[in-house]
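What follows is a set of notes on a single structure, which appears directly below.
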Amino acid sequence: MTVSVNEKLDLAHNFVLHTNQNIFLTGKAGTGKTTFLQRIKQLSAKRLAVVAPTGVAAINAGGVTIHSLFQLPFGPITPGTTQREGKKFNKEKINLLRTLDLLVIDEISMVRSDVLDGIDEVLRRYRSSSAPFGGVQLLLIGDMQQLPPVIKEEDWALLRPYYDTGYFFGSKALRQTSYVPIELTHIYRQSDERFISLLNSIREKTVTRAQLDNLNQRYIPDFSPAEDEGYITLSTHNTAAQQINSQKLQALKGKPRTFTATIEGDFPAHTYPTEASLELKVGAQVMFIKNDISRDKLYYNGKIGRITDMDESAIYVKSHQDGQEIVVYPVDWTNIKYTLDPTTKEIKSEPIGTFRQMPLKLAWAITVHKSQGLTFEKAILDISSAFAHGQVYVALSRCKTLDGLVLRKPIPAHSIKTELELEDFHQQVQLQTPNEQHLHQAKLTNQQHLLRELFSFERANSLLYRCRRVVNEHASSLDAECPSILAQLTDLLREKASDVSGRFQQQLPSYFANEKLPEHNEALQERVRKAGTYFQSLLGSDLLPLLQRCPTDCDNKKVRDLLLEALDELEKELFSKLRSFESCREGFNALSYLQARNRAELDFQPERKKLEPQPTETSASEGSSRGGLYGALMKWRNDMAGEHNTSGFMVLPQKTIVELARVRPTSEAELLAIKGFGKTKVRQIGADILRIVQENPGGRAASVATPTGKVPKEKPVKEPKAPKEPKELSPAITLAFFQSGKSIDQIATERSLAVSTVESHLVRYVGSGDLAVESVLPPTKIASIRSYLETYPSETLTEVRQGLGSDISFSDIRFVQYALRAEAAASGE
């Protein structure tokens, strides 16, 4: 099947955008692979990241290096190396990898097979998927007839037991999945058919003796062009290129001028696009190394010219091609990293460093390696000593015409390296070129897979089983209501979700039978819309609210963490399902579904985290409420623990708090009847507990019975000290003392009370509006605390104190909190 130029590009773009098929985009030098990459970055609705094997290639592609994104170890990567040696990923990078749809790898010819397997291992691990590359779609861009991966002999000795070849297609992970090869054939760089035919023959290793003889006619012994002709020498070795540039620069008369780059942020030296300290002279031959992004487009990457003048801020370069003089100013290169936008949740490239320098480098000579991607009008090729596959082809293909190149030495046949495995690979590529029918089938397969995934509750069932196992193993440490809620959830998930979705999935093959894309199948779309409405209601009104009611309080931190982790994973899965079904309100669309699923991963926050900062909310059933009296007692307990630097259960066990919330004691005698309370504890914290009960009114349980079944009579707790004032008068006496001018410390001493007790008395009157907080604390302290509380309203008392610093006490914070409550009550809020 013959496919036109534009059709091939459209085919490649549609495979990238509308399927989950891996793609290998290849083609001769100058066929527009880089242009296609830029188009994909601009037009793709998928969440993508671009990586390349070297720093310079990454900067040119507008991406990052493979090693920086995946934090792979340097050197050979044998199976399991990434798990043993890889650095720990931060949360942001994990989220990025988890929600990645498309990974673009540029210059794939230079990527080793073990590096590709290292990427696979990282993606499988952090995406919790056993699919190759964690299910991420790959777009591999490159020409295998160009520069190969660099593999040292000692590295290959370690890799040889695992790999047949060091090229990327030897990757074990890639061999576990399929990919479609698309080869671009239209050459934009050259127009001379004779030269194009020669390049194709060299690329495909079919060059004839006659063609080689024709090429070697460009050998001109002792060729020495005039300085203003603008020839650049391409050498296979870096030392040779450096030596030519150094000798030519030193031969020029005049004083050199050095231009120093401005480097900000993170921009590693090995990725510098030109010298950080660029020494130039008037008369030097230079090459532009960046495209002019202005409207005038005065220069492009690879354009040659000669310096005619310089000053501190500008360089004047006369073009060899058109004789135009160009005023050159410093430009910026940007080093990026991929981040998640907190607002849009999209993957964005965030600048982390800039390199500002003149977009020039000495250009009497350059290495073949660094010429990749450039175009030259005139070049001297010193490539008879080519030592690597692809060097001769890359050097020749940089030139626009055969007449524009001169050979330093004739090219022997053995310099055109042939690798049988690449020849075999290229033949396979040509045999597997896809067409529109392949594209349709790939779209069909992708959409069918996504619909089955949408209506599958297998992961939810697995996560719920994990929750129940944690609860069953630690039942004695957890709330008795927890197993009951999870049992209800199991029945509901099975009967209303799994069974229903299972019956729907059994009907899907009949809808898939007519080869029509699910997106265009109106009968199927109508069923999806109705099913979506059902599952939205089930998830949003039944499953998630029931799960969020599950109590998680436990004095055993390890057990609580295990339970929270399991419940959070289950809640996230159900939340993701809810968002996914919401995306199908108007019918199923593959891209909309992917975007909804990925955004849910980023938007998710466990509902209990939203509820925990609000412990004062009332609830109909106080015994199981996470707010109301239970919440108020838990908050008081945790604040006391923070104030005294101890554990919460040492102040009051969680099970005791549950009982307090159920019984609602109103006297010390009733407190004594509750398990966990003795005379000492009643004396220490009884007054505070009874106050909290009084401040959180609600339904009261039956009177508390003793173990014998009798309701105890109320009787005062014996104290060794003199009788105190009646409890209801004690705060009033404290207030009177304070208003007479006595300090808190003086009142505590005179009344034989703890300072904290005196403060608790005064806090009560600040909260009622009978005592101005300004009479207790200085204005600067009030302003500081008030500002913090208004900025972070949901933080606990301990968190507030940590945020404000040690100069602020817990009591100071309570005074301002109660003052704010009094203000709100007075204003009717």
Side-chain angles (χ1 to χ4, degrees), residues 12 16 22-27 29 31-42 44 47-75 77 93 96-97 100 102-120 122-123 133 136-151 166-169 171 174 179 266-274 289-291 301 333-339 347-353 355 367-374 388 390 394:
V16 170
N22 298 325
I23 301 111
F24 170 47
L25 184 74
T26 187
T31 51
K33 297 185 294 296
T34 301
T35 303
F36 178 81
L37 170 56
Q38 300 308 320
R39 181 187 177 201
I40 287 295
K41 289 171 65 177
Q42 293 170 2
S44 178
R47 298 165 61 83
L48 64 84
V50 180
V51 295
T54 67
V56 174
I59 295 294
N60 291 337
V64 299
T65 64
I66 291 172
H67 284 80
S68 67
L69 182 62
F70 294 100
Q71 298 177 196
L72 299 177
F74 290 97
I77 304 173
K93 183 168 284 190
L96 188 154
L97 296 178
L100 194 63
L102 174 66
L103 176 66
V104 182
I105 306 180
D106 197 20
E107 302 291 1
I108 190 65
S109 69
M110 300 170 65
V111 178
R112 298 195 317 260
S113 52
D114 61 310
V115 170
L116 204 55
D117 281 341
I119 294 173
D120 165 70
V122 170
L123 288 174
F133 303 98
V136 174
Q137 183 183 20
L138 301 182
L139 171 58
L140 312 174
I141 301 177
D143 180 6
M144 299 311 294
Q145 302 303 327
Q146 296 193 37
L147 298 180
V150 177
I151 309 179
Y167 288 103
F168 83 92
F169 52 81
S171 156
L174 195 62
Y179 59 92
D266 183 4
F267 209 110
H270 68 273
T271 64
Y272 292 169
T274 186
I289 55 170
K290 195 174 178 68
N291 294 329
N301 195 3
W333 285 265
T334 303
N335 186 26
I336 70 163
K337 73 172 181 179
Y338 286 108
T339 59
I347 297 177
K348 66 175 184 177
S349 53
E350 177 184 316
I352 59 172
F355 179 93
T367 62
V368 174
H369 187 277
K370 291 184 178 179
S371 74
Q372 199 157 357
L374 303 180
V394 170

- Locate the shortest heavy-atom distance separating Leu139 from Phe36; write the atom from each residue and the value. CD2-CE2, 4.1 Å
- Show your working on side chain to side chain contact (heavy atoms under 4.5 Å, CB included) between Leu140 and Val111 and close with a plain yes or no. CA-CA 10 Å; Leu140 312 174; Val111 178; over 6 Å; no
- Item | Contact summary for Gly166 and Pro149, nearest pair of heavy atoms | O-CG, 3.9 Å
- Separation of Leu103 CG from Arg47 CZ (nearest 0.5 Å): 13.5 Å
- Query: Going through the distances and angles, do Asn22 and Gln137 end up as a side chain to side chain contact (heavy atoms under 4.5 Å, CB included)?
  - Reply: CA-CA 5 Å; Asn22 298 325; Gln137 183 183 20; 4.3 Å; yes
- Atom CG of Leu69 and atom CG of Leu96: how far apart are they, to the nearest 0.5 Å? 6.5 Å
- Judged by atom type as modelled, is there a donor-acceptor pair below 3.5 Å linking the side chain of Lys33 to the main-chain atoms of Ile141? no
- Heavy-atom closest pair, residues Pro53 and Met110: CG-CB, 3.9 Å
- Note on the structure: Note: Phe267 and Thr334 closest approach over all heavy atoms is CE1-C, 3.8 Å
- Go through Leu174 and Phe133 one step at a time and tell me if the side chain to side chain contact (heavy atoms under 4.5 Å, CB included) criterion holds. CA-CA 8 Å; Leu174 195 62; Phe133 303 98; 4.3 Å; yes
- So, the side chain of Asp106 versus the backbone of Ala52: is there a donor-acceptor pair under 3.5 Å, distance only? no
- Message: Test of understanding: with side chain to side chain contact (heavy atoms under 4.5 Å, CB included), list the residues that count as partners of Ser68, not counting sequence neighbours.
- Response: Val64, Thr65
- Measure across Tyr167 and Pro148 and return the closest heavy-atom pair with its distance rounded to 0.1 Å. OH-CB, 3.6 Å
- Query: Between Leu102 and Ile40, does a side chain to side chain contact (heavy atoms under 4.5 Å, CB included) hold up when you go through it step by step?
  - Reply: CA-CA 10 Å; Leu102 174 66; Ile40 287 295; 4.2 Å; yes
- Item | Option passing side-chain contact (heavy atoms from CB on, under 4.5 Å) with Val104 (candidates Val51, Leu138, Leu37) | Leu37
- Task: State, with a plain yes or no, whether a side-chain heavy atom of Leu123 is found less than 4.5 Å away from one of Phe70.
- Result: yes
- Task: Would you mind reporting whether Asp117 and Ile77 have side-chain heavy atoms less than 4.5 Å apart?
- Result: no
- Item | Rounded distance (nearest 0.5 Å) linking atom CZ of Arg112 with atom CD1 of Ile66 | 10.0 Å
- Item | Value rounded to 0.5 Å, distance of CZ in Phe355 from OG1 in Thr271 | 8.5 Å
- Shortest non-hydrogen separation from Leu25 to Ala12 and the atoms involved: CD1-CB, 4.1 Å
- Item | Test item: Asn335 side-chain N/O and Asp266 main-chain N/O as donor-acceptor pair under 3.5 Å | yes
- Query: Taking the six-membered ring for Trp, are the ring centroids of Phe169 and Phe24 within less than 6.0 Å of each other?
  - Reply: no
